[in-house]
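To start, the structure under review is shown below, and the notes come after it.
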Protein chains: 2
Amino acid sequence: MNFSPESLQAFAEAAAQGSFSAAARRLGKSQSTVSEAIANLEIDLGVALFDRSSRQPVLTEAGRALLGRVDEVLAAHDRLGRAAGLLAGGMEPRLTVVVSDTYQSVQYEATLTELDQRYPELEFECLVAEHGDVLALVRQGRAQLGLMAAQPAYPPDIGAATVAERAQIGLYAASHHPLAALATPGDDDLAAYRALRLNTYLDDAAPSGAGRCWSAPSYLLLMEMAVFGFGWAELPRWLVERFAAERLVELAVPGWPKSLPVDVVWSRAHRLGPAGSWLQQRLLAR
Amino acid sequence: MNFSPESLQAFAEAAAQGSFSAAARRLGKSQSTVSEAIANLEIDLGVALFDRSSRQPVLTEAGRALLGRVDEVLAAHDRLGRAAGLLAGGMEPRLTVVVSDTYQSVQYEATLTELDQRYPELEFECLVAEHGDVLALVRQGRAQLGLMAAQPAYPPDIGAATVAERAQIGLYAASHHPLAALATPGDDDLAAYRALRLNTYLDDAAPSGAGRCWSAPSYLLLMEMAVFGFGWAELPRWLVERFAAERLVELAVPGWPKSLPVDVVWSRAHRLGPAGSWLQQRLLAR
DNA sequence: AAGTTCATATCGGTTTTTCCGATGGTATCT
DNA sequence: AGATACCATCGGAAAAACCGATATGAACTT
């Protein structure tokens, strides 16, 4: 069975208006067209939709039940049309952002909420990759935008700009860890205990005591290990404040917390779509 | 914009098969029809859906994004067709059951779950009404089935049958209520404390102490009042067991708990549909 | 490198559907 | 009873869906 959108629209409009003629006027078609469309739809469905015994047609019980289904079809139909219109207008079908694990940012939640409101049809994808891979994914077009620790220089085909907000990285240990008892622990105190390190964080020279350090591939796992008291760790401040504020304490080591600049990067070869451009500007605007 | 179901189906099938010809074979149409349908759809949508540079057409990014929307339209379309088929086959569009407040029955939960599985397209409506109104609603066709306390006789146009399972009504008071401390309270003990009564329960003669009794229009409110210790109440056993088992105690008054027969009633003038007949039989079969 | 195969695009022509204006019948209101 | 507004039906015009045949191109074989 195959129901034409014209018939469905005629039915829905007639049900809404309570009149075939009024529906025809609103749809810009002739009355006979609407009448025949509904009659054909009734044949196709095998059910009478309207009771025509009185002057104005009134929905039958079956018609009332099927009207809901018809509305669903038309709503899905409209969504398709809207999505196609956006795509035809140059909107990218999806936006991929790759975030360096060091700066994976639930802190951008508000921005993403705004993105969702502004571009509801957009498919959004978030990748996490290690520093070098961020550039590779952006360069090959797999991702449109990247967020990573600011670099002194970038390849010529990569555009970059520094985000106003810097990433805050602190040193943390569990509340019951010996380090938590010290007022101002120094580097030698840190060296006395096990370090918990991100094992994708390759830029840094291995510190003393590296033989005893534990590592994990994400800050979340690292934080879990710190909460259990396995050692101390460098962690993004927002992550601790949101998920482990009462179980970890920040260590007041001189020179900490660090505040690292973050860059947004993009490929000059691939033009950003409207949503990508908006997100780029939005990230820089803060 | 108006997208014909033929085009959408051709697009979805072609995307699934990765081939226009294969889609045409599966749809029972000629290859040129599918090709033209998709070409027209691309014109209507304003975007290219397939990349035709290679032998087999491959979805563009936009096509991949829109395919999801198209599938939603087709799914809604299918649901409409299925619902219409059921209605055309004699299925009632909705089933209304009216339950006497005395026996409102979440206890029939399993039966309703089964009804939902068996008739997923059915619109189910549950009304609650006072004894006499149950018969009125069934008689006028507003409800197809009724559940109420068994009556000695019914009007001739009303069919009735007794449900195998009887309604269990017990006497309850809060755990901290003085009555809860008595091993076997008698009627005189009950009379010494406030009674909580259903105020639609008009058949019973007002007992002694009626001036002090509190009432509520539903067993749920009544049970709340009992939990707060305001007095003792007649309550359906299943209701207490499910929602207040640890806060109320049953009073071992001689003659209680009562076990009342429940009748299913229906109108002889209105034929029951398949779902109604099934539910009727299912209620009686236990 | 040429030939084979299998895919899609395109083109006429036929069939089907959609749409309109006109007409007639019927319920509702004055 | 008449006026009015509504719906069903009819015949013809316009649009579309559909098919078979054919051209063209990509991948694969020899």
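Worth knowing before you read on, the calculation uses all heavy atoms, side chains too, and leaves out hydrogens, waters and symmetry mates. Here is how names work: the chains are called A, B, and so on, in the same order as the sequence lines, proteins then strands, and each is numbered from 1.
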Spacing of Q17(A) atom CD relative to dA5(D) atom P, expressed in whole Å: 17 Å
Presence of donor-acceptor pair under 3.5 Å, side chain of E36(A) and base of dC7(D): no
Spacing of E6(A) atom CD relative to dA15(D) atom P, expressed in whole Å: 14 Å
Whole-Å gap separating P (dA9(C)) and CG (N40(B)): 12 Å
Whole angstrom value for the distance that separates P of dC7(D) from CG of L49(A): 14 Å
Given dT9(D), dG21(C), dA7(C), the nucleotide with the shortest approach to the side chain of S35(A): dT9(D)
Q144(A) side chain to T96(A) backbone, donor-acceptor under 3.5 Å: yes
Any side-chain heavy-atom pair of F11(A) and L59(A) under 4.5 Å: yes
Whole angstrom value for the distance that separates P of dT15(C) from NZ of K29(B): 18 Å
Residues R69(B) and E121(A) bridged, charged N to O under 4.0 Å: yes
Angle between terminal axes - the helix from dA1(C)-dT30(D) to dT30(C)-dA1(D), 5 pairs each end, rounded to 10°: 30°
Pair listing, salt bridge (Lys or Arg N to Asp or Glu O under 4.0 Å) test, anchored in residues 6-24 of chain B, at least two apart: E13(B)-R26(B)
Rounded distance (Å) that lies between atom P of dT10(C) and atom CZ of F20(B): 11 Å
Exercise: do S30(B) and T33(B) side chains pair donor with acceptor under 3.5 Å: yes
Polar side-chain atom of E42(B) near backbone of F50(B) as donor-acceptor pair, under 3.5 Å: yes
Atom pair distance, as rounded to whole Å: CG in N2(A) and C1' in dC18(D): 14 Å
Among dT8(C), dC18(D), dC19(C), the nucleotide that comes nearest once only the side chain of S21(B) is considered: dT8(C)
Comparing S19(B) and S7(A) on DNA chain C - which has the more 5′ nearest nucleotide: S19(B)
Review item, nucleotides 22-28 of chain D N/O atoms under 3.5 Å of protein N/O:
| unit_1 | atom_1 | unit_2 | atom_2 | d |
| --- | --- | --- | --- | --- |
| dA26(D) | O3' | R55(B) | N | 3.4 |

Check: R94(A) side chain, L122(A) main-chain N or O, donor-acceptor pair, under 3.5 Å: no
d(CZ, F50(B); C1', dA9(C)) in whole Å: 15 Å
Candidate nucleotides dT8(C), dC19(D), dT18(C), ranked by approach to the side chain of S30(B) - the nearest: dC19(D)
Side-chain donor-acceptor pair present, S4(B), S7(B), cut-off under 3.5 Å: yes
Pair D51(B), T60(B): side-chain N/O donor-acceptor within cut-off below 3.5 Å: no
Closest nucleotide among dA7(C), dC20(C), dT18(C) to the S32(A) side chain: dC20(C)
